[in-house]
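Below, chain A is the first sequence line, B the second, and so on; all start at residue 1. All of these numbers come straight from a predicted model, not from anything done at the bench.
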Amino acid sequence: MFLVLTLISDSQIIMKNIILSGFFLVLLAGCQDFLVEESRSQMTEDYYNTEQGLYQGVAAVYSNNRLLYQQNMFRVNYYGDIVENASSMNNSYAESSDVAWGTLNELFRDIHKGIMIANRLEKIIGDSPTDRTREVYLAEIRGLRAHYYQIQVELWGKYGHYQEQVFTEFDESMLEINQKPVEFFYTQILSDINYAIEKLPAKAEVAEFGRLTQGAAKALKARFLLAIAGYSHQEYSTETEYNLYSKVGYQSIESVYQEAKSLATSVINDYGYSMESEYSKVFDAHNKLSNEVIWSIQWTTEKMFNTTPQYFHRPGVGRTNETLKMHVNANGSVTASTKSLLVTRLKDDGNLFDYVMPAHSMYYGREYRHIMPNFSWITMYDDSDKRKLANFETVYLKIDDDKSAPRSMTDTVCYMPLRAITPAEEKYHDDWVASKDPKAYYLDGMNEVFDMDDPNSEHYGGPLKQRSRYYSIKKFFDRSRVEMGKQEEGHANAIVIRLPEMHLIVAECNWKLNLGDNAVYEALEPIWMRSFNNLSEASVYKKGAVDLDFILDEYQREVGLEFNTFFILKRTRSLVARIKKNNPKSKEEAADNILRWRDYVKNEHYIKPLPIMQVNAFRNVTPDMLPPGYDYGRR
Amino acid sequence: MARKPETLIPKLALAICIMTSISVFAEEIPGSKLQNRSSASFSTPRSQGEIKGVVRDESGETLPGVNVLIKGTSTGTITDVNGDFVLNADNNAILVFSFVGYINKEVPVGDQTQIEVVLLSDTKALDEVVVVGYGTMKRSSLTGSVSTIHAKKIETFPSVNVMDAMQGQAAGVYISPSRQPGEEPSIRIRGSRSLSASNSPLLIIDGMPGSWDNLVSSDVESMEVLKDAAATAIYGSRAANGVILVTTKSAAKGINKMTVDIGSFVGFNQYNFIKMQSAEKYAELIRDVMRYQTHGAVNTEAWENSHIDTRTGMGMFHATWANNYYEKGVNYDWQKALFNESSFIQGHNVSISNRTDKLNYRISYNFQDNNSYYKTVNFKRHVLNANADMKINKWLNIGTISRLSLRRNSGWPDNMWDNMRRMSPFETPYIDENPQNPMKDAVGKEQYVNALWNYEEGHLLDNRGGEMADIILKADVNPLKWMKFTTNLKFDYHNRSRGIYRDSRTSYQNLGLNFGSFEKSAESNITWNGILNVDHTFNNKHQFMGTAVVEAIRSNFESLGASSQDIPAQYMGFHYLQTGIINRNIWSSFRKSTLMSYMFRGQYEYMGKYLLNVAVRADGSSRLAPQSRWRTFPSLSAAWVISEESFMADQRVLTNLKLRSSYGEVGNQAIDPYQTLTTLSQDTYNWGNDGVFTWRPSGIANKSLGWEVSKTWNVGLDYGFLNNRFTGSIEYYHTINEGLLTQRKLPDATGFSVIWQNIGESVNSGLEMSLTSRIISKKDFDWAVTGMVSRNKNKITGLTEGRDDRSNVWFIGHPIGVVWDFKKTGIWQVDEVEEAKLYNMQPGEIKLVDRDNDFAFTDEDKFIIGQREPKVLASIQNSMRYRNFDFSFNLVGQFGHYITAGNYTAEWNADKYIIDAIDWWTPLNPTNEWPRAHTAQSHRFSSTLSIFKGDFIKVQSIAVGYNPAKLFSGMKMNKMRVYVQASNPLYPYKAAPADVNPEQPNTMYTIPASYVLGVNLNF
């Protein structure tokens, strides 16, 4: 009996234990701490309060630039006077005036992401930095913020957004757009860039290539001032931003040009920048630390630090495995179609084989047929101008595979001279290739890419309809890619500002200040000295008096498509006229009524459409707060 | 003495401590008495004479474990595994046969010595016990909406995921089956309701949260699908998407003998390939692209007189292809080379179980092996399941359930469809198109990697492993007859690993640098609950049932991974990552969340006629902001069993009629943790060539994030008539889902893109009907049919700022998940060239409805074409038995929805190999179906080409079995069934074109049809 009792008490104890431990667990679980979030694999914003956190936060503002310059700063500059859409019909010119165009939406997003990091860090550093390191940080983030706001104000004018408050949690006020007049934006921009110029170290003192320096800030400000001066164009006379200079603290338009000129001159003289001996060297992807570069966005061969986005887009490379064939249509116009680029070559063992060029290659580019140089850009260069061949690919040499560079520099597969070819020449080369001579090569002419039927026709220079193949824009090749022809990741930097632009700015200011044609030519001399074997050859450009087109042509010849085309055309109010002049339509495109940029472009396009995604994200946008001339649908 | 314990029990409740000594007697006496009784029945035969007999059910199956008692005595026996019994009894004795789920039967012995008894199943099903949250109930006591799926319906379905077998088995449950072994199918109960949070139901296995990963269909005893809030409210914050309760098998009741079950099947999966265009057709397509390039789209005359024939066109397009096709006769079938047309599957399981008075246990082992059309895919899984229950004494039971699993599966190259389309039929995989030569690296115009390299040994590794341990410890304490305290502790640990190696020559790396990575993660959860259940009846009229629960769950997740590129030797795979010199990466993560809950449920029943149920659950979650962390989820339900009313007593038609009604609120918190913190994310930059890490703000804190709440009204009617020959139920529900967790788009000007908020609102309402009929129920022939149909209506009723959200394709007043697109009216024809110009379109391009007549196609021109989830789900389950043969088939149907088939919109142009169904436009083929072919770009508005009605009827399963047990009677075998079963063998009807699978329209090939031959043994 006793034994049984013990056993039972034991089980009683078990039961008690269960109940007790259950009760205990309830108490334990009921403890408030049980539901507290425990975060370990998250970084919170407190990190910015540490020295290292602040350093890495400032670096994040730079890293944000990769988002802008990867492709959207390219795309927004496509729509100018020196390129045409390439073969892809889908990339219609209409997209640039589409309120849903992703490029603009992403630009708006990335500009403001950058501004918000800058604002957050500015709040942490405060207005009076405690040490020199923090002072430089503040100068950098203010300089970068000026850069962002200036892009915004030029793209969207008074329809853009100004943001001061830094958000740490959801707040209803974050849903409202805060539009400001153009003068307000430029006042902020000038205040920021002035601080940057005052506090940033000079190039020689900056060990980390790619950081903003005093020279870069001055170069940016020179650009900003020219943009401010642009609002004095007659066409703005009815707008509130007319004569903007007077509203942002300048006495006269001349004082604006004077300051721009002296800033550019200071950059040229005071910081040790120097131009490369050859134009093409500037764009060599391996030449990252070029002394010609005033400011560039960095990419690297080290994949680990080359994260999203991993490259900047290379848009203007045509198909390298096709040749062009002319067909004369019933109406006398010429159409070109493409044909497989196949030639006969000799193997090492002496046997013949069919060789086809790869479509993508590390040497000739990862092809993206988005844009092609237009007829007027190509012909803007004199043949003696070395920049012509440095900008447009004309010779395709045999490469062993998509990874290799040509082994034999004499083994031409296709030659694309920058001139028209005759049907006889074409036939000669076709027959030669057909003869299976291992030295034979194709010949493609400009008249297979552009309408060159009649020099007096309005269609002269218009792009032919099927144009997979065109003159690749060489300055965007990235031969530092190592893996394969179709590789996306690139290592080439995106050059935002380089020294020749300072000479161009001085030239532009001299012209605006009426200092005479010679003052303009002298300002351009350093550029021409590099572009011509003999400076006297540059006189081909000195036809008649210096005018706006002369200035713009020189900008396009030197820095065409380098993230600034739209902005230059905007500040000179020449976008519409230049596009109508430089982008003709070929006879066959006109016959098919294919709409091109010249058909779309209108004065409203100086202000880009505020992206609909952004408009919808704000809740206080009324129709009168949207730029005119764009279709926002039913709202 | 014998009555003493009963009088003592109430006192026990008053003072447990004082009663310890008395309870000794309470324990001692009934226990010994029980033993006496059972020993008496087996060992003391009386002299009157031996009676032998067999007990069967109405279908002729023998019934083991039936109690046979001589009326008025305690003498009796239990039928053995063959349903046989032997008993000594008087001539005037009356034998009482009783068995759970069957109507008791009394048989006078008379002069019989051989008795054959058929027990009729209890047609009122009053005794069927249904698992409800944190307890069980008789089906008759249910006031909520619960569907039960019995093991028999799913146990032989040859898929590694139980969900695949559940398709069509419960009304209102929508399942889209898995394509690849190991892929988890998606399941929706009464449709989707949440915009961004999960829509998957909560899975509870044996009372504790479980996983589909290690659940084996042969271990499943039954599944209950809890649908309305009366049933689910007890799971509170996790129940908004419904709850599935799985009970795993334990030793069969009433058998005091070791039982062994063996099941095995072998078979194959069969795949339906998309018909790709022939080389001839592809050559014509290329010719027409070249003609278009040369003549344009308008000049019909030029097309008619074109000098470009297929040969010329091919030559223009790709000289090598032309040469191969016309000179060498190359016409290679890449599809056949790249994919298995069928693949092997097998599954085996064995279980051993026994049940005695003190102990019952069941141990099972299951192995499955499944394959795919991808040659790299193999799935193997071992699951060991063991459960044991011990009766320590009268008031204490302890038990354990453990489920251990080991999974190994290898993945597939997921971009193979695109890759295959670049593999031109005009090229072979071999250098110089000579099969004697080694394989080429690259194929096609773009020199894409030869897709066959993916299958070369060691080129593509994607090895996934999983080890799971689920261990449940439980204790039941019955201090009083009407009171039970249960505590469960579950520890589960899930270890996952994934190793990837992709050679340079795989479609991932496409001749770039090779890549290797290895990731390991461990998830551990601890769930504890304490449950108090009371069940007491007063005066045989008033029954009270109550449940109180405390529950705490803690989940931890940790992972570590590394990767690198340019690994020096292929044989290293992903095991020597530090040798890869480029792009070395390492990552790790930690996640923890906790959930704390208190729950109470009470039910009152009057005379089994009127039922009232109240449940309240309070949940606190660490994932939510502190001030909105806790919420209480109440429910109220009532039922009226009309058939128990006296005015129904005289009629014979209706056997059972029960009207149920409920209202309740349940929640959803299924978002990732840490949404309530402002976080930074790491990025990179470089100064010159010096890399630097950067930190940017990435997630903004939302300090007011709360629960999603679903408020559901449900009305149900359960019926059974003609002696329950026909049974079923009808349900109507209306659910309002409030505070839906929505990723609100923030103005990018804030520096952030999105924030989670409780903004959205949606409504689900619907009707579900089911009807089961035992059409024929004879000794030799049985035929039962179950039909189910459900209609779910879902619509969004609230969104941010009350506006449609076009970027997410959410429209107020329309269902979640709609097809929103332009409407194609045809193709622009040559004679419409002028009109087409107004739209900047050309002949051969897709012609659309211009809703706002502005000659431009913007979002304003799009239509809401239809919903993506089916409006109507229907299924019919048929099972028949003739003597030893059984035959069953299930049909499932889904209706009223739209699907989009990626195969039709995938870029189709001369660079790619396309599906045969496309008959492109040319001036000479002025079709209105398909646009003209392009060179390399894709079509504008091509998405309009891929929209199809999704309606279909599918044979989900069809099986024929034969029970030859009698042939093996000498082998002491209780049951043997040999069967052939096909799953997903065909679609007798589908609205979509032949090469579109309506259930997986966006993938390359169909879900597999599986055919197996299997055997089940029980001895």
Side-chain angles (χ1 to χ4, degrees), chain A residues 5 8 11-12 15 18 22 25-26 29 34-35 37-45 47 56-57 59-60 62-63 88 90 109 112-113 116-117 161 163 167-170 174 208-210 289 298 300 302-305 307 327 337 339-340 342 356 358-359 466 483-484 593 595 617-619 633, chain B residues 20 24 27 293-294 316 318-320 392-393 396 446-447 475 477 487 511-513 528 530 550 552 582-583 589-590 592 594 596 620 622 629 674 677-680 683-689 691-696 700-703 745 747-751 755 801 837 840 858 860 937 940:
Chain A
L5 194 70
I8 294 304
S11 34
Q12 203 74 36
M15 185 176 93
I18 288 168
L25 267 169
V26 173
F34 186 73
L35 294 178
E37 277 206 296
E38 189 183 339
S39 159
R40 287 177 200 271
S41 58
Q42 267 76 35
M43 179 69 95
T44 57
E45 60 176 338
Y47 184 57
Q56 295 184 338
Y62 285 96
S63 154
S88 172
N90 293 346
R109 177 192 71 195
H112 282 283
K113 282 198 168 168
M116 287 309 295
I117 313 172
H161 173 80
Q163 182 82 60
F167 297 104
T168 50
E169 65 177 296
F170 182 74
M174 63 167 57
E208 293 170 325
F209 189 87
L289 310 182
Q298 317 283 296
T300 169
E302 174 52 76
K303 278 191 176 194
M304 205 160 101
F305 294 99
T307 47
H327 308 276
S337 64
K339 183 176 179 300
S340 199
L342 175 133
V356 182
Q466 307 301 334
E483 289 185 50
M484 55 184 157
N593 198 28
L595 298 183
F618 291 113
R619 65 175 173 199
Chain B
T20 309
V24 172
E27 288 310 310
Q293 274 209 354
T294 310
M316 289 171 71
H318 195 54
T320 315
I392 302 293
N393 57 34
L396 179 64
E446 294 176 358
Q447 289 290 289
V477 182
T487 179
L511 306 173
L513 300 174
W528 171 83
V550 184
I582 290 181
N583 208 14
S589 71
F590 169 86
K592 181 181 161 183
T594 49
M596 179 77 216
S622 66
R629 185 164 278 169
Y674 309 122
L677 304 169
T678 293
T679 51
L680 306 183
D683 208 338
T684 60
Y685 199 61
N686 58 287
W687 310 119
N689 261 329
V692 55
F693 288 110
T694 71
W695 287 94
R696 66 158 71 224
I700 184 166
N702 188 342
K703 302 210 191 286
K745 173 92 182 72
D748 288 310
T750 59
I755 189 168
E801 303 291 322
K837 276 179 189 174
N840 192 22
T858 61
E860 310 299 323
Q937 65 270 40
R940 279 201 288 171

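Here the closest heavy-atom approach between residue B/N583 and residue A/E302 is recorded as N-OE2, 4.1 Å. The heavy-atom pair separating B/A749 from A/M116 by the smallest distance is O-CG, 3.3 Å. Scanning all heavy atoms of the two residues, the minimum distance from B/M316 to A/S337 falls at CE-OG, 3.5 Å.
With a 4.5 angstrom heavy-atom cutoff, A/M43 touches chain B via backbone and side-chain atoms both. For B/T858, the part sitting under 4.5 Å from any heavy atom of chain A is the side chain, from C-beta outward, and nothing else. Heavy atoms closer than 4.5 Å to chain B are found in the side chain of A/M484, but not in its backbone. Interface residue A/Q298: backbone and side-chain heavy atoms are both found under 4.5 Å from chain B. Using a 4.5 Å cut-off between heavy atoms, B/L680 contacts chain A through both its backbone and its side chain. Using a 4.5 Å cut-off between heavy atoms, A/E45 touches chain B through backbone and side chain atoms alike.
Side-chain atoms of B/R629 and A/L35, non-hydrogen and from C-beta on, do get closer than 4.5 Å to each other. Residues A/F618 and B/E801 have side chains not in contact (no heavy-atom distance under 4.5 Å, counting atoms from C-beta outward).
Take A/R109 and apply the salt bridge (Lys or Arg N to Asp or Glu O under 4.0 Å) test, not counting sequence neighbours, and it matches no residue.
Using cut-offs of 30° and 60° for the angle between ring planes, the B/W687 and A/Y62 rings count as perpendicular.
Note: B/P747 leads B/G688, B/G620, B/G530, B/P747 in heavy-atom pairs under 4.5 Å with chain A. Ranked by heavy-atom pairs under 4.5 Å with chain A, the list B/T679, B/L511, B/L513 is led by B/L513. Of the listed residues (B/I755, B/I700, B/D683), the greatest number of heavy-atom pairs within a distance under 4.5 Å of chain A belongs to B/I700.
Taken from CZ in A/F305 to CG in B/N689, the straight-line distance is 11.5 Å, to the nearest 0.5 Å.
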Checking side-chain contact (heavy atoms from CB on, under 4.5 Å) for the pair A/E208/B/V692: CA distance, chi angles, key distance, verdict?
-> CA-CA 10 Å; A/E208 293 170 325; B/V692 55; over 6 Å; no
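Although no hydrogens or angles enter the test, the distance criterion places a donor-acceptor pair under 3.5 Å between the side chain of B/T594 and the main chain of A/F34. A distance-only check finds a donor-acceptor pair linking the side chain of A/S340 to the backbone of B/A319 [under 3.5 Å].
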